[in-house]
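First the structure, in the form of C-alpha coordinates, and then the observations on it.
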Protein chains: 2
Amino acid sequence: MKDNNDMPGHLARRFQQIAVAVFHAEVEGAGFDLTPVQYAALAAVSTNPGIDQITLAGLIAYDRTTITGVVDRLAQKGLLERRASSRDRRARELQITEEGQKTLEAVSPAVETAQELLVRGLTGDEQRELMRLLRKAIAAGNELSRAPLREISTEGSRNG
Amino acid sequence: MKDNNDMPGHLARRFQQIAVAVFHAEVEGAGFDLTPVQYAALAAVSTNPGIDQITLAGLIAYDRTTITGVVDRLAQKGLLERRASSRDRRARELQITEEGQKTLEAVSPAVETAQELLVRGLTGDEQRELMRLLRKAIAAGNELSRAPLREISTEGSRNG
DNA sequence: TACTGATGATCAGTATACTGATTAATTATC
DNA sequence: GATAATTAATCAGTATACTGATCATCAGTA
(Lines give C-alpha, C1' and ligand atoms only; values in the text may rest on other atoms or scores of the structure.)
Protein backbone atom coordinates (compact mmCIF):
# COMPACT_ATOMS: atom_id res chain seq x y z
CA MET A 1 0.00 0.00 0.00
CA LYS A 2 1.47 3.32 -1.16
CA ASP A 3 1.49 5.80 1.68
CA ASN A 4 1.24 9.52 1.10
CA ASN A 5 4.48 9.85 2.99
CA ASP A 6 6.21 7.96 0.21
CA MET A 7 5.15 10.49 -2.39
CA PRO A 8 7.49 13.45 -2.78
CA GLY A 9 4.63 15.47 -4.26
CA HIS A 10 2.60 15.09 -1.10
CA LEU A 11 5.58 16.01 1.06
CA ALA A 12 6.20 19.04 -1.12
CA ARG A 13 2.67 20.28 -0.65
CA ARG A 14 2.74 19.67 3.07
CA PHE A 15 6.10 21.33 3.61
CA GLN A 16 4.97 24.41 1.70
CA GLN A 17 1.73 24.47 3.65
CA ILE A 18 3.64 24.58 6.92
CA ALA A 19 6.07 27.14 5.55
CA VAL A 20 3.23 29.53 4.76
CA ALA A 21 1.57 28.96 8.13
CA VAL A 22 4.79 29.63 10.03
CA PHE A 23 5.50 32.72 7.97
CA HIS A 24 2.07 34.15 8.61
CA ALA A 25 2.24 33.43 12.32
CA GLU A 26 5.62 35.11 12.75
CA VAL A 27 4.95 38.09 10.52
CA GLU A 28 1.51 38.79 11.95
CA GLY A 29 2.88 38.31 15.42
CA ALA A 30 5.39 41.05 14.64
CA GLY A 31 2.53 43.32 13.60
CA PHE A 32 2.85 43.15 9.81
CA ASP A 33 0.44 42.22 7.07
CA LEU A 34 2.66 40.66 4.40
CA THR A 35 2.42 37.27 2.69
CA PRO A 36 5.51 35.21 1.83
CA VAL A 37 5.01 36.05 -1.80
CA GLN A 38 4.67 39.75 -1.12
CA TYR A 39 7.77 39.73 1.05
CA ALA A 40 9.85 38.05 -1.65
CA ALA A 41 8.65 40.54 -4.24
CA LEU A 42 9.31 43.51 -1.99
CA ALA A 43 12.81 42.27 -1.17
CA ALA A 44 13.60 41.66 -4.83
CA VAL A 45 12.50 45.15 -5.84
CA SER A 46 14.54 46.63 -3.04
CA THR A 47 17.64 44.84 -4.33
CA ASN A 48 16.84 45.63 -7.97
CA PRO A 49 15.29 49.08 -8.16
CA GLY A 50 13.61 49.90 -11.44
CA ILE A 51 13.09 46.26 -12.32
CA ASP A 52 10.19 45.41 -14.61
CA GLN A 53 7.53 42.89 -13.67
CA ILE A 54 8.59 40.08 -15.99
CA THR A 55 12.17 40.19 -14.75
CA LEU A 56 10.94 40.34 -11.18
CA ALA A 57 8.76 37.31 -11.81
CA GLY A 58 11.75 35.41 -13.17
CA LEU A 59 13.91 36.37 -10.23
CA ILE A 60 11.57 34.87 -7.68
CA ALA A 61 9.97 32.26 -9.94
CA TYR A 62 6.44 33.65 -9.99
CA ASP A 63 4.04 33.31 -12.83
CA ARG A 64 3.64 36.49 -14.84
CA THR A 65 -0.06 36.65 -14.13
CA THR A 66 0.54 36.19 -10.41
CA ILE A 67 3.00 39.05 -10.22
CA THR A 68 0.39 41.51 -11.46
CA GLY A 69 -1.83 40.91 -8.46
CA VAL A 70 1.07 40.83 -6.02
CA VAL A 71 2.39 44.17 -7.24
CA ASP A 72 -1.16 45.55 -7.17
CA ARG A 73 -1.49 44.75 -3.51
CA LEU A 74 1.97 46.01 -2.60
CA ALA A 75 1.27 49.25 -4.42
CA GLN A 76 -2.09 49.59 -2.71
CA LYS A 77 -0.35 49.25 0.65
CA GLY A 78 2.04 52.01 -0.36
CA LEU A 79 5.11 49.75 -0.27
CA LEU A 80 5.85 49.82 -4.01
CA GLU A 81 5.53 52.31 -6.82
CA ARG A 82 4.73 51.22 -10.35
CA ARG A 83 5.49 53.67 -13.11
CA ALA A 84 5.68 53.35 -16.86
CA SER A 85 9.16 52.76 -18.15
CA SER A 86 10.63 55.47 -20.31
CA ARG A 87 12.64 53.02 -22.41
CA ASP A 88 9.80 50.57 -23.03
CA ARG A 89 6.29 51.88 -22.77
CA ARG A 90 4.91 48.37 -22.36
CA ALA A 91 6.89 47.81 -19.19
CA ARG A 92 6.36 49.04 -15.64
CA GLU A 93 9.35 50.02 -13.59
CA LEU A 94 9.01 49.08 -9.95
CA GLN A 95 10.47 51.07 -7.07
CA ILE A 96 10.24 50.44 -3.38
CA THR A 97 8.87 53.36 -1.37
CA GLU A 98 10.41 54.70 1.79
CA GLU A 99 7.66 52.99 3.75
CA GLY A 100 8.30 49.81 1.84
CA GLN A 101 11.97 49.89 2.73
CA LYS A 102 11.19 50.51 6.38
CA THR A 103 8.68 47.67 6.38
CA LEU A 104 11.14 45.34 4.70
CA GLU A 105 13.80 46.02 7.29
CA ALA A 106 11.42 45.86 10.21
CA VAL A 107 9.84 42.57 9.16
CA SER A 108 13.10 40.80 8.34
CA PRO A 109 13.74 39.37 11.82
CA ALA A 110 10.30 37.75 11.83
CA VAL A 111 10.97 36.28 8.40
CA GLU A 112 14.30 34.92 9.62
CA THR A 113 12.61 33.35 12.61
CA ALA A 114 10.01 31.75 10.36
CA GLN A 115 12.77 30.18 8.27
CA GLU A 116 14.36 28.71 11.37
CA LEU A 117 11.07 27.43 12.75
CA LEU A 118 10.27 25.68 9.50
CA VAL A 119 13.26 23.36 9.90
CA ARG A 120 13.52 23.35 13.67
CA GLY A 121 12.86 19.61 13.78
CA LEU A 122 16.17 18.97 12.02
CA THR A 123 19.75 19.15 13.24
CA GLY A 124 22.00 21.76 11.69
CA ASP A 125 23.58 19.20 9.39
CA GLU A 126 20.18 17.93 8.36
CA GLN A 127 18.97 21.44 7.65
CA ARG A 128 21.88 22.07 5.32
CA GLU A 129 21.43 18.72 3.63
CA LEU A 130 17.69 19.28 3.14
CA MET A 131 18.34 22.60 1.50
CA ARG A 132 21.06 21.19 -0.71
CA LEU A 133 18.77 18.40 -1.90
CA LEU A 134 15.86 20.76 -2.48
CA ARG A 135 18.09 23.08 -4.49
CA LYS A 136 19.33 20.16 -6.56
CA ALA A 137 15.87 18.76 -7.25
CA ILE A 138 14.55 22.23 -8.04
CA ALA A 139 17.41 22.97 -10.41
CA ALA A 140 16.68 19.78 -12.33
CA GLY A 141 12.96 20.61 -12.54
CA ASN A 142 13.26 24.35 -13.04
CA GLU A 143 12.10 24.42 -16.63
CA LEU A 144 9.12 22.18 -15.94
CA SER A 145 7.02 24.89 -14.33
CA ARG A 146 5.47 27.81 -16.12
CA ALA A 147 7.33 30.12 -13.78
CA PRO A 148 10.96 29.00 -13.87
CA LEU A 149 13.64 30.89 -12.02
CA ARG A 150 15.58 33.18 -14.35
CA GLU A 151 19.01 34.62 -13.72
CA ILE A 152 19.10 38.36 -14.01
CA SER A 153 21.56 39.58 -16.62
CA THR A 154 24.44 40.63 -14.42
CA GLU A 155 25.59 43.76 -16.19
CA GLY A 156 27.06 46.06 -13.58
CA SER A 157 26.66 43.77 -10.62
CA ARG A 158 29.50 41.79 -9.17
CA ASN A 159 27.88 39.91 -6.35
CA GLY A 160 27.62 36.67 -8.29
CA MET B 1 23.28 39.27 1.05
CA LYS B 2 20.60 36.68 1.84
CA ASP B 3 19.82 34.65 -1.24
CA ASN B 4 16.40 33.15 -1.82
CA ASN B 5 18.14 29.81 -2.17
CA ASP B 6 19.14 30.05 1.48
CA MET B 7 15.54 30.34 2.61
CA PRO B 8 13.79 27.02 3.18
CA GLY B 9 10.43 28.74 2.71
CA HIS B 10 11.38 29.78 -0.80
CA LEU B 11 12.64 26.30 -1.62
CA ALA B 12 9.42 24.83 -0.25
CA ARG B 13 7.30 26.99 -2.52
CA ARG B 14 9.47 26.28 -5.54
CA PHE B 15 9.55 22.54 -5.00
CA GLN B 16 5.77 22.39 -4.61
CA GLN B 17 5.37 24.55 -7.72
CA ILE B 18 7.39 22.07 -9.75
CA ALA B 19 5.57 19.12 -8.18
CA VAL B 20 2.23 20.47 -9.36
CA ALA B 21 3.53 21.25 -12.83
CA VAL B 22 4.99 17.76 -13.25
CA PHE B 23 1.81 16.16 -11.96
CA HIS B 24 -0.35 18.11 -14.39
CA ALA B 25 1.90 17.36 -17.32
CA GLU B 26 1.95 13.62 -16.67
CA VAL B 27 -1.72 13.25 -15.81
CA GLU B 28 -2.94 15.36 -18.70
CA GLY B 29 -0.56 13.57 -20.98
CA ALA B 30 -2.22 10.33 -19.93
CA GLY B 31 -5.59 11.82 -20.85
CA PHE B 32 -6.96 12.63 -17.39
CA ASP B 33 -8.27 15.80 -15.82
CA LEU B 34 -7.32 15.44 -12.17
CA THR B 35 -5.36 17.78 -9.90
CA PRO B 36 -2.90 16.49 -7.31
CA VAL B 37 -5.32 17.45 -4.60
CA GLN B 38 -8.23 15.68 -6.29
CA TYR B 39 -6.14 12.56 -6.83
CA ALA B 40 -5.16 12.38 -3.15
CA ALA B 41 -8.76 12.81 -2.06
CA LEU B 42 -9.99 10.17 -4.50
CA ALA B 43 -7.34 7.70 -3.37
CA ALA B 44 -8.14 8.31 0.29
CA VAL B 45 -11.85 7.75 -0.23
CA SER B 46 -11.11 4.57 -2.15
CA THR B 47 -9.07 3.26 0.77
CA ASN B 48 -11.58 4.49 3.36
CA PRO B 49 -15.08 4.09 1.96
CA GLY B 50 -17.79 5.91 3.89
CA ILE B 51 -15.34 8.40 5.35
CA ASP B 52 -16.71 11.83 6.30
CA GLN B 53 -15.20 15.03 4.98
CA ILE B 54 -13.49 16.17 8.16
CA THR B 55 -11.74 12.85 8.61
CA LEU B 56 -10.77 12.85 4.97
CA ALA B 57 -9.33 16.34 5.34
CA GLY B 58 -7.25 15.17 8.30
CA LEU B 59 -5.98 12.14 6.42
CA ILE B 60 -4.49 14.16 3.61
CA ALA B 61 -3.92 17.40 5.54
CA TYR B 62 -6.36 19.61 3.70
CA ASP B 63 -8.19 22.51 5.21
CA ARG B 64 -11.84 21.75 5.96
CA THR B 65 -13.01 24.56 3.71
CA THR B 66 -10.82 23.31 0.88
CA ILE B 67 -12.20 19.79 1.03
CA THR B 68 -15.72 21.03 0.32
CA GLY B 69 -14.76 22.35 -3.06
CA VAL B 70 -12.56 19.38 -3.90
CA VAL B 71 -15.35 16.93 -3.14
CA ASP B 72 -17.76 19.14 -5.08
CA ARG B 73 -15.64 18.86 -8.19
CA LEU B 74 -15.02 15.14 -7.80
CA ALA B 75 -18.75 14.54 -7.37
CA GLN B 76 -19.50 16.71 -10.38
CA LYS B 77 -17.14 14.57 -12.44
CA GLY B 78 -18.98 11.47 -11.25
CA LEU B 79 -15.96 10.06 -9.41
CA LEU B 80 -17.34 10.38 -5.89
CA GLU B 81 -20.74 10.13 -4.24
CA ARG B 82 -21.66 12.26 -1.25
CA ARG B 83 -24.61 11.13 0.81
CA ALA B 84 -25.90 12.15 4.21
CA SER B 85 -24.73 9.90 7.01
CA SER B 86 -27.40 7.95 8.82
CA ARG B 87 -25.57 8.09 12.14
CA ASP B 88 -24.85 11.82 12.07
CA ARG B 89 -27.04 13.99 9.92
CA ARG B 90 -24.43 16.75 9.88
CA ALA B 91 -21.90 14.53 8.19
CA ARG B 92 -21.56 13.42 4.59
CA GLU B 93 -20.38 9.92 3.84
CA LEU B 94 -18.14 9.70 0.81
CA GLN B 95 -18.03 6.74 -1.55
CA ILE B 96 -15.98 6.30 -4.68
CA THR B 97 -18.01 5.43 -7.77
CA GLU B 98 -17.20 2.67 -10.20
CA GLU B 99 -15.94 5.27 -12.63
CA GLY B 100 -13.93 6.85 -9.86
CA GLN B 101 -12.26 3.54 -9.07
CA LYS B 102 -11.48 2.95 -12.73
CA THR B 103 -10.06 6.42 -13.08
CA LEU B 104 -7.96 6.02 -9.97
CA GLU B 105 -6.41 2.81 -11.23
CA ALA B 106 -5.89 4.08 -14.74
CA VAL B 107 -4.22 7.31 -13.66
CA SER B 108 -1.90 5.73 -11.10
CA PRO B 109 1.01 5.02 -13.46
CA ALA B 110 1.08 8.67 -14.52
CA VAL B 111 1.07 9.74 -10.90
CA GLU B 112 3.93 7.37 -10.16
CA THR B 113 5.89 8.77 -13.07
CA ALA B 114 5.29 12.30 -11.84
CA GLN B 115 6.70 11.38 -8.43
CA GLU B 116 9.82 10.00 -10.05
CA LEU B 117 10.26 12.98 -12.33
CA LEU B 118 10.02 15.37 -9.42
CA VAL B 119 13.19 13.97 -7.87
CA ARG B 120 14.91 12.81 -11.03
CA GLY B 121 17.79 15.20 -10.42
CA LEU B 122 18.80 13.24 -7.33
CA THR B 123 20.48 9.88 -6.88
CA GLY B 124 18.49 7.10 -5.24
CA ASP B 125 20.19 7.71 -1.91
CA GLU B 126 19.55 11.40 -2.16
CA GLN B 127 15.90 10.83 -2.98
CA ARG B 128 15.44 8.72 0.12
CA GLU B 129 17.32 11.21 2.25
CA LEU B 130 15.29 14.14 0.93
CA MET B 131 12.08 12.35 1.77
CA ARG B 132 13.29 11.41 5.21
CA LEU B 133 14.24 15.01 5.98
CA LEU B 134 10.98 16.37 4.63
CA ARG B 135 9.01 13.90 6.71
CA LYS B 136 10.97 14.86 9.79
CA ALA B 137 10.56 18.60 9.27
CA ILE B 138 6.87 18.16 8.50
CA ALA B 139 6.29 16.03 11.57
CA ALA B 140 7.84 18.74 13.75
CA GLY B 141 5.70 21.43 12.14
CA ASN B 142 2.51 19.46 11.71
CA GLU B 143 0.46 21.32 14.30
CA LEU B 144 1.51 24.72 12.99
CA SER B 145 -0.79 24.66 9.99
CA ARG B 146 -4.54 24.96 10.11
CA ALA B 147 -4.78 21.64 8.29
CA PRO B 148 -2.56 19.23 10.23
CA LEU B 149 -2.34 15.60 9.30
CA ARG B 150 -4.54 13.46 11.54
CA GLU B 151 -4.21 9.75 12.14
CA ILE B 152 -7.39 7.89 11.46
CA SER B 153 -8.67 6.04 14.52
CA THR B 154 -7.63 2.50 13.66
CA GLU B 155 -10.60 0.57 14.93
CA GLY B 156 -11.08 -2.42 12.69
CA SER B 157 -8.12 -1.73 10.45
CA ARG B 158 -4.81 -3.48 10.87
CA ASN B 159 -2.68 -1.84 8.23
CA GLY B 160 -1.12 0.49 10.75
C1' DT C 1 -36.99 19.73 28.07
C1' DA C 2 -33.99 23.67 27.86
C1' DC C 3 -29.25 25.05 27.72
C1' DT C 4 -24.43 24.83 26.64
C1' DG C 5 -20.69 23.55 24.09
C1' DA C 6 -18.72 21.06 20.42
C1' DT C 7 -18.74 19.40 15.73
C1' DG C 8 -19.56 18.67 10.34
C1' DA C 9 -20.32 21.31 6.59
C1' DT C 10 -20.75 25.36 4.11
C1' DC C 11 -20.22 30.25 2.74
C1' DA C 12 -18.11 34.93 1.92
C1' DG C 13 -13.95 36.94 1.16
C1' DT C 14 -8.88 37.16 0.08
C1' DA C 15 -4.39 35.57 -1.94
C1' DT C 16 -1.61 32.59 -4.58
C1' DA C 17 -0.93 29.83 -9.08
C1' DC C 18 -2.12 28.48 -13.25
C1' DT C 19 -4.35 28.32 -18.63
C1' DG C 20 -5.32 30.82 -22.35
C1' DA C 21 -6.61 35.13 -24.57
C1' DT C 22 -5.98 40.02 -25.46
C1' DT C 23 -3.89 44.63 -25.83
C1' DA C 24 -0.21 47.70 -26.60
C1' DA C 25 4.33 48.42 -27.78
C1' DT C 26 8.83 46.89 -29.48
C1' DT C 27 11.90 44.41 -32.57
C1' DA C 28 12.99 42.12 -36.77
C1' DT C 29 12.31 41.62 -41.64
C1' DC C 30 11.46 42.86 -45.98
C1' DG D 1 7.89 52.31 -43.67
C1' DA D 2 4.60 48.37 -43.66
C1' DT D 3 4.38 43.79 -41.82
C1' DA D 4 5.25 39.94 -38.87
C1' DA D 5 6.90 38.13 -34.71
C1' DT D 6 7.80 38.93 -30.13
C1' DT D 7 7.22 40.79 -25.66
C1' DA D 8 5.24 43.28 -21.14
C1' DA D 9 1.22 43.49 -18.93
C1' DT D 10 -3.35 42.48 -18.03
C1' DC D 11 -7.80 39.98 -17.89
C1' DA D 12 -11.22 36.12 -17.48
C1' DG D 13 -11.68 31.85 -15.56
C1' DT D 14 -10.51 27.84 -12.49
C1' DA D 15 -8.43 25.48 -8.40
C1' DT D 16 -6.10 25.38 -4.15
C1' DA D 17 -5.58 27.35 0.75
C1' DC D 18 -6.67 30.13 4.18
C1' DT D 19 -9.64 33.47 7.92
C1' DG D 20 -13.66 33.98 10.08
C1' DA D 21 -18.61 33.41 10.24
C1' DT D 22 -22.88 30.74 10.09
C1' DC D 23 -26.10 26.84 10.24
C1' DA D 24 -27.61 22.40 11.61
C1' DT D 25 -26.88 18.76 14.47
C1' DC D 26 -25.17 16.22 18.26
C1' DA D 27 -23.62 15.31 23.14
C1' DG D 28 -23.70 16.40 27.84
C1' DT D 29 -25.93 18.50 31.67
C1' DA D 30 -29.18 20.54 34.72
Side-chain angles (χ1 to χ4, degrees), chain A residues 9 12-14 16-25 27-28 33-41 51-58 60-77 82-94 144-148 150, chain B residues 9 12-14 16-25 27-28 33-41 51-58 60-77 82-94 144-148 150:
Chain A
R13 190 184 124 282
R14 193 83 191 86
Q16 147 77 353
Q17 196 175 36
I18 293 169
V20 172
V22 169
F23 186 99
H24 272 133
V27 167
E28 275 174 29
D33 172 30
L34 262 193
T35 67
V37 159
Q38 289 167 14
Y39 170 80
I51 195 175
D52 66 289
Q53 295 186 187
I54 292 280
T55 310
L56 171 60
I60 50 187
Y62 290 9
D63 190 84
R64 67 182 193 281
T65 59
T66 300
I67 208 76
T68 298
V70 173
V71 168
D72 271 352
R73 287 181 280 277
L74 285 172
Q76 200 167 4
K77 291 177 187 174
R82 172 163 45 180
R83 41 177 102 116
S85 166
S86 51
R87 284 178 301 180
D88 185 339
R89 299 221 311 277
R90 292 169 302 182
R92 308 269 184 275
E93 282 179 0
L94 303 176
L144 301 177
S145 83
R146 171 164 139 166
R150 298 285 181 221
Chain B
R13 190 184 125 280
R14 193 84 190 85
Q16 145 78 352
Q17 196 175 37
I18 292 169
V20 172
V22 169
F23 186 100
H24 272 133
V27 167
E28 275 174 29
D33 173 30
L34 263 192
T35 67
V37 159
Q38 289 166 13
Y39 169 81
I51 195 175
D52 65 287
Q53 296 186 186
I54 292 280
T55 310
L56 170 62
I60 50 187
Y62 290 8
D63 190 84
R64 67 183 192 278
T65 59
T66 301
I67 208 75
T68 298
V70 173
V71 168
D72 271 353
R73 287 180 281 276
L74 286 170
Q76 200 167 5
K77 290 177 188 174
R82 173 164 46 180
R83 39 178 104 115
S85 165
S86 51
R87 284 177 302 180
D88 185 338
R89 299 221 312 277
R90 291 168 303 183
R92 306 271 184 274
E93 282 180 0
L94 303 176
L144 301 177
S145 84
R146 170 162 141 168
R150 297 286 181 217

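Since the structure is predicted, the reported quantities are computational estimates derived from the model, not experimental observations. Naming: A, B, ... by sequence-line order, numbering from 1 per chain.
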Residue pair B/Arg146/B/Ala91 against DNA chain C: nearer the 5' end by closest nucleotide is B/Ala91
For [N], take OP1 and OP2 only and decide whether either is under 4.0 Å from a side-chain N or O of [X].
| X | N | answer |
| --- | --- | --- |
| A/Arg92 | D/dT10 | yes |
| A/Arg87 | C/dT26 | no |
| B/Thr66 | D/dA15 | no |
| A/Arg82 | D/dT10 | yes |
| A/Arg73 | C/dT16 | yes |
| A/Gln16 | C/dA17 | yes |
| B/Thr68 | C/dT10 | yes |
| A/Gln17 | D/dC18 | yes |

Indicate, with a heavy-atom threshold strictly under 4.0 Å, whether [X] touches base, sugar-phosphate, or nothing.
| X | answer |
| --- | --- |
| A/Ala21 | nothing |
| B/Asp88 | sugar-phosphate |
| A/Arg13 | sugar-phosphate |

Euclidean distance, atom [atom1] of residue [X] to atom [atom2] of [N] [Å, nearest integer]:
| X | N | atom1 | atom2 | answer |
| --- | --- | --- | --- | --- |
| B/Leu94 | C/dG8 | CG | P | 13 Å |
| B/Asp52 | D/dT25 | CG | P | 17 Å |
| A/Gln38 | C/dA17 | CD | C1' | 14 Å |
| B/His24 | D/dT14 | NE2 | P | 15 Å |
| A/Asp63 | D/dG13 | CG | C1' | 14 Å |
| A/Glu28 | C/dT14 | CD | C1' | 13 Å |
| A/Asp72 | D/dC11 | CG | C1' | 11 Å |
| A/Ile60 | C/dT16 | CD1 | P | 11 Å |

- Under 3.5 Å, is there an N or O donor on one side and an acceptor on the other linking the side chain of B/Arg90 and the base of C/dT7? yes
Which of C/dA17, D/dT10, D/dC18 is nearest the side chain of A/Thr65? It is D/dT10
Winner on side-chain proximity to A/Ile54, out of D/dA9, C/dA25, D/dT25, is D/dA9
side-chain hydrogen bond (donor to acceptor under 3.5 Å, both in side chains) between A/Arg14 and A/Gln17, worked out: CA-CA 5 Å; A/Arg14 193 83 191 86; A/Gln17 196 175 36; 2.5 Å; yes
One should read off an interatomic distance between A/Leu74 CG and A/Thr35 OG1, to the nearest 0.5 angstrom, of 7.5 Å
Of A/Glu93 and B/Val70, the one whose closest nucleotide on DNA chain D sits nearer the 5' end is A/Glu93
DNA chain D nearest-nucleotide lookup for B/Ala61 and B/Arg89: closer to the 5′ end is B/Ala61
Paired to D/dA30 by Watson-Crick or G-U wobble criteria (both distances under 3.5 Å) is C/dT1
Backbone N or O of [Y] within a donor-acceptor pair of the [X] side chain at under 3.5 Å?
| X | Y | answer |
| --- | --- | --- |
| B/Arg13 | A/Ala19 | no |
| B/Gln53 | B/Val71 | no |
| A/Tyr62 | A/Val37 | yes |

B/Leu34 and B/His24 have their tightest heavy-atom pair at O-CD2, 4.3 Å
